[in-house]
Amino acid sequence: MARRENPEINAGSMADIAFLLLIFFLVTTTMNVDSGVSKKLSEKPPADYVPPIIKEKNIFEVNINRNNELLVEGERMEIKDLKEAAIEFIDNGGGDGKVENGVASGPCNYCKGERSESSSDHPNKAIISVQSDRLTEYGTYLTVQDQLLKAYSFLRNRLSVEKYKVPFEELEKEYKDNMTNENLKKKVEFIKTAYPQIISDQEPTK
């Protein structure tokens, strides 16, 4: 009796299919990218550095507890209201600005705030202090930082439109595309100096 031969399976085509599937998954798979806040760390001060005396009214305290609840100046606040509260603090203009390089910056003549004596003197003195808890969710922390940065963006855009008829975001982009333009450089530096981003991150509470 003749032996029946088993039909062979073409293994070559299986390898081709596996390779195509590999390429398919490489192309279609999305990778999660960690989100974060871009910040420039301050340089280490010299050994003889004497920290300036800061008035309490020039500090805007933002606290995030372990339940992701927001306390601003000791009062409960919804995150959606934080941007407006930060704008009111930064733009208050209740006094004189810093003395820089021996030159007094004087009162803020471009501020549109209430000029309350109980709030910040000048945008270059206004410090936003953020403190979270070690159990605060990172997403909540990022949302708070985003609202604070939006407050600065609003103020910078407003001033830029008033002086140069163009939002600061467009002015900065134009300068980045043409960094040899001294006129654009002076305009960008003026707006940044007028509303410097001063956000201080405190050690998280335990």
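Because only heavy atoms are used, hydrogens play no part in the values below, and waters and symmetry mates are left out as well, while side chains stay in. Position 1 is the first residue of the sequence, and the numbers go up from there.
- Between the Thr136 side chain and the Asn65 main chain, a donor and an acceptor come within less than 3.5 Å of each other.
- The neighbour count for Glu73 CD, taken as heavy atoms of other residues, nucleotides or ligands under 6.0 Å away, is above 12.
- Of all heavy-atom pairs spanning Gly93 and Cys108, the tightest one is CA-CB, 4.4 Å.
- With sequence neighbours excluded, no residue satisfies salt bridge (charged side-chain N to carboxylate O under 4.0 Å, His left out) with Lys187.
- Shown here is Glu75, whose CD atom has no more than 12 heavy atoms of other residues, nucleotides or ligands within 6.0 Å.
- Residues passing the side-chain hydrogen bond (donor to acceptor under 3.5 Å, both in side chains) test with Arg134 are Glu203, sequence neighbours excluded.
- Separating the CD1 atom in Ile64 from the CG atom in Leu71 is a distance of 10.0 Å, to the nearest 0.5 Å.
- Remark: the Gln202 side chain and the Asn63 side chain contain no N/O donor-acceptor pair separated by less than 3.5 Å.
- Rounding to the nearest 0.5 angstrom, the gap separating the OG atom in Ser118 from the NZ atom in Lys55 is 12.5 Å.
- The line from CZ of Phe154 to CG of Asp91 is 8.0 Å long, rounded to the nearest 0.5 Å.
- With contacts defined as side-chain heavy-atom distances shorter than 4.5 Å, the pair Glu169/Ser153 qualifies.
- The structure places CG of Asn124 at 6.0 Å from NZ of Lys98, a figure rounded to the nearest 0.5 Å.
- In the hydrophobic cluster analysis, where Ile, Leu, Val, Met, Phe, Trp and Tyr join through side-chain heavy atoms closer than 4.5 angstrom, Val161 is grouped apart from Ile90.
- To the nearest 0.5 Å, atoms CZ (Phe89) and CD (Glu114) are separated by 13.5 Å.
- The CG atom of Asn157 sits 14.5 Å away from atom OH of Tyr152, with the distance rounded to the nearest 0.5 Å.
- Centroid-to-centroid, the aromatic rings of Tyr195 and Tyr110 come within less than 6.0 Å.
- Proximity of Leu82 to Thr143: side-chain heavy atoms (C-beta onward) are nowhere separated by under 4.5 Å.
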